[in-house]
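Numbers restart at 1 for each chain; the letters A, B, ... are given by sequence-line order, proteins then strands.
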Amino acid sequence: MAFNRPLLRTSYAEDAAILPTAFQKGAVGIALLLLSAMALDVPIVSAIPKFLLGNTWLSPFNNMLIFCVAALGINILVGVTGQVSLGHSFFMGVGAYAAVLLGGDGSGGLACVPFHAQLGLLERTTRCGLALPIWIWLPAAGLAAAAVGILVSPVAVRVRGLYLAIVTVGLVFIGQHIGVMLPEFAGDAESGRRWPPLEFRLWRRNDGNEDNPLINFSEDGTWFGFLELSDSQKSFFFLLGVVLFATVLAKNLMRSRTGRALQAIRDRDVAAEVMGVPEREYKRLGFAISSAYAGVGGALFAVNLSRVGPPEWSLLLAVDFIAILLIGGAGTIAGTLMGTFFVELLPDFVERLTESQSEAAEGSGVGGAIARFLLTDGSRNDFGPIATSAQAFGWPLPVPLWNFVIYGVLIVVFLIAEPLGLFGIWLRIRNYWKGWPFSY
Amino acid sequence: MLFFAQATALATFTGAITRAIALGCIYAVVALGFVIVFKATQVLNFAHGGIAMAGALFMSIMVNDAGFPFLPFGNPFVNGEDRPGVMVWILLLAIAMAITAGLAMVLERVAIRPMVGQPLFSLAIITLGIEVAISAFNRDAVNTPNARSLEFPWGTNFWEILGANVNHSYLVAVLAAAFSFGVVFFFYRSRLGVAMRAVAFDQEAAMAQGINVGRVFQIAWAIGGALACLGAVVYSMAPFGPQGAVSSDLHPVLAFRALPVIILGGLDSVTGALIGGLVIGSAEVLAGQYLSGYTSFLGVGYQAIVPYVIMLGVLLVRPYGLFGTPEIRRV
């Protein structure tokens, strides 16, 4: 029976399944296969046009996977609970610092007592770090960020709407300054300090097993005896695992009692309270969970860059996440992942497109003419919008700045035209084909 | 000896308090732009900073560059070595404010008008998108080999009052604030201003009374843009951070510095913007002056986050600011 009517659900469990339809199961499977094929450099994927050159995409993809973790967090806060926060980068920073305190190299012990330097106990150049392994610092990054989230929640649950957005902007600036205040935690005020490498050990780095971590994600090597992998391929599979875990966790949260309470608060907080949902407790919980995701994402972000200064945890990073959420579709897991994919890979795509265009500009024909129109080195007055030389000031913008313009404009366009984001576009396509050839 | 020490303390205080009032007035001007736009259109304009910096850049182009971008003719106001005189400079400032107002009106028409009636959150995020896009252009335009100087006619001149150096810029900042609050005060009593207040009170009812709500929106954004330009230009004056030129790291965060001001005063209160600006500006300058002995503990540049700390404190006690209207929630 169920075979003839695939959308007929006969139990609540079926209705609340993570992937309810065969199509969704297939789509997720194919996506994972394609991602793995891309990472392993299987020829099918590398055969795509020149500017998509296979394996060079690994590092942007790793970055994208890390952003996925943090974006799932902001989806829980903004998309599910409906609390607009511009302070996600602050919580990412908290997680990253927790990670470097526990996992980074340093003198340990006394160096981890803040403000000792003012008391003249140690040189300010000392770094605090306990060199603990990843299975301690990664969860601890999440826990520390969640704890800070609970710490600021007395203010955050009292204010609502736009006031909350402004408060969280304040948090970002305060956080950046705390990074400057505590050089033994954060390192140099500009360039920061070194984060621990991505590797799996059973215990501390300096405890005799100096050179052989169980799994080293930051060096080339062989897995299972036959799989030759580079460092970024290894990191890719590790991060993919983390993202899968985080996604399942977020999905399960959304279909649990807690998730339903959070959604009730988003839809109408007073009504939720009337129905017996303790508003403030659940808002605080939403803050804590979202911050935990941010913390884990921030720790991985810093580890991936290996050196991060306090200015990195900026408002712009937080706006990135708002863009991800709006372009992908707020409140949905699939939308969040699509949004991250789109927003985080778009800059690299544009950059590579420009590179291929500057090659095409040398050639003749229509392609060459288009490329010559688009690009300018600022020397001739040809109104080309994309500057290829750093000497061009004013009008022709260089590619990185065009990326900001593009995603600023995308935020505006999506909010005006498709508030549900990419997920909304997908819904329209799906609904069209569901009833095809009838209109509904 | 004792007398000398007292005189120095007095001089320090005079210098600090005049600077505090001046910075407070600048913040008040920037915050006033936020408040006018929010009152009339219910939009928290995160793009205010981008518009403000664009305004300062327009001004800089007019007083500095030999030609205008995209225009075939040269710049008649720049002739060789001389700085523009005060009257010419003020005229140029008025033109820059008008151009910025035009920019704000275009942005309102293109991005905000289609969203009328949407939740406040969506509108605020739209302005965030505009901010990201505008700042990209700003960052490119400020990035010239020479500093983007604004050629203030009074430069770094100062009077000596009670042993302290009081810059002419301080007086200019106070005059700018007096001008903008005065204009807004009289504007709210004009026919159009009454219409704007009616729209702020209830858009639909105002429309039913025959008020052209779209036009009111446009004018509110134009005033906001002009005030943003004025605030950013005045903020660039010499004793303050940017030291007489458009700065690539201070100007982009100017509007975010003004956020604590409107939180303190309330998003929809003109008086609040003035009082909040003075309080926040004073707190920042006085903390910078009198806590500087603890810099090794507080970290370099701690005064910049004093406003945010005050903001968190105020919100803990009064979630709608000191003069803001509490939101009425319907079930």
A.B. asks: Is there a side chain to side chain contact (heavy atoms under 4.5 Å, CB included) between A/Leu162 and B/Phe38 once you walk through the steps?
C.D. replies: CA-CA 11 Å; A/Leu162 295 173; B/Phe38 185 81; 3.6 Å; yes
A.B. asks: Report which part of B/Tyr302 has an atom under 4.5 Å of a heavy atom belonging to chain A: side chain, backbone, both, or neither.
C.D. replies: both
A.B. asks: Could you grab the distance from atom CD1 of A/Ile322 to atom CZ of B/Phe121, nearest 0.5 Å is fine?
C.D. replies: 5.5 Å
A.B. asks: Taking it one step at a time, do B/Arg139 and A/Phe404 satisfy side chain to side chain contact (heavy atoms under 4.5 Å, CB included)?
C.D. replies: CA-CA 11 Å; B/Arg139 257 190 281 173; A/Phe404 282 114; 3.6 Å; yes
A.B. asks: A/Val172 and B/Tyr308: side chain to side chain contact (heavy atoms under 4.5 Å, CB included), yes or no, with the steps?
C.D. replies: CA-CA 10 Å; A/Val172 171; B/Tyr308 300 111; over 6 Å; no
A.B. asks: Under 4.5 Å from any heavy atom of chain A, what part of B/Val317 do you find: side chain, backbone, both or neither?
C.D. replies: backbone
A.B. asks: Checking A/Leu315 against chain B: side chain, backbone, both or neither under 4.5 Å from a heavy atom?
C.D. replies: side chain
A.B. asks: Can you say whether B/Ile134 sits under 4.5 Å from chain A via the side chain, the backbone, both, or neither, judging by heavy atoms?
C.D. replies: neither
A.B. asks: Residue by residue, which of residues 246-261 of chain B have a heavy atom closer than 4.5 Å to a heavy atom belonging to chain A?
C.D. replies: B/Val253, B/Phe256, B/Leu259
A.B. asks: What part of A/Leu164 is in contact with chain B, defined as an atom under 4.5 angstrom from a non-hydrogen atom: side chain, backbone, both or neither?
C.D. replies: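 Neither part.
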A.B. asks: From A/Phe173 CZ over to B/Met311 CE, what is the distance, rounded to the nearest 0.5 angstrom?
C.D. replies: 9.5 Å
A.B. asks: Just checking heavy atoms, which of residues 123-132 of chain B are less than 4.5 Å from chain A?
C.D. replies: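 Under the 4.5 Å heavy-atom cut-off, B/Ala124, B/Ile125, B/Ile126, B/Leu128, B/Gly129, B/Ile130, B/Val132 qualify.
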A.B. asks: Measure A/Ile178 against the heavy atoms of chain B and call it side chain, backbone, both or neither at under 4.5 Å.
C.D. replies: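 For A/Ile178, there is no contact with chain B at all, as no heavy atom is under 4.5 Å.
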A.B. asks: For A/Ile411, is it the side chain, the backbone, both, or neither that has a heavy atom closer than 4.5 Å to a heavy atom of chain B?
C.D. replies: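 For A/Ile411, the contact with chain B is made by the side chain alone.
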A.B. asks: Which of residues 149-157 of chain A have a heavy atom under 4.5 Å from any heavy atom of chain B?
C.D. replies: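 Listed by number: A/Pro154, A/Val155.
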A.B. asks: May I ask you to name which of B/Ile263, B/Leu120, B/Val110 has the most heavy-atom pairs under 4.5 Å with chain A?
C.D. replies: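 Heavy-atom pair counts peak at B/Ile263.
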A.B. asks: At a heavy-atom separation under 4.5 Å, does A/Leu410 approach chain B through its side chain, its backbone, both, or neither?
C.D. replies: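 A/Leu410 has no heavy atom closer than 4.5 Å to chain B.
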A.B. asks: If you count heavy-atom pairs under 4.5 Å with chain A, which of B/Val309, B/Leu57, B/Leu316, B/Ile262 comes out on top?
C.D. replies: B/Leu316
A.B. asks: Could you list which of residues 413-422 of chain A have a heavy atom closer than 4.5 Å to any heavy atom of chain B, in residue-number order?
C.D. replies: A/Leu415, A/Ile416
A.B. asks: A/Ile166 versus chain B, heavy atoms under 4.5 Å apart: side chain, backbone, both or neither?
C.D. replies: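 For A/Ile166, the contact with chain B is made by backbone and side chain together.
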A.B. asks: Quick one: of A/Leu316, A/Ile174, A/Leu326, who has the most non-hydrogen atom pairs under 4.5 Å with chain B?
C.D. replies: A/Ile174
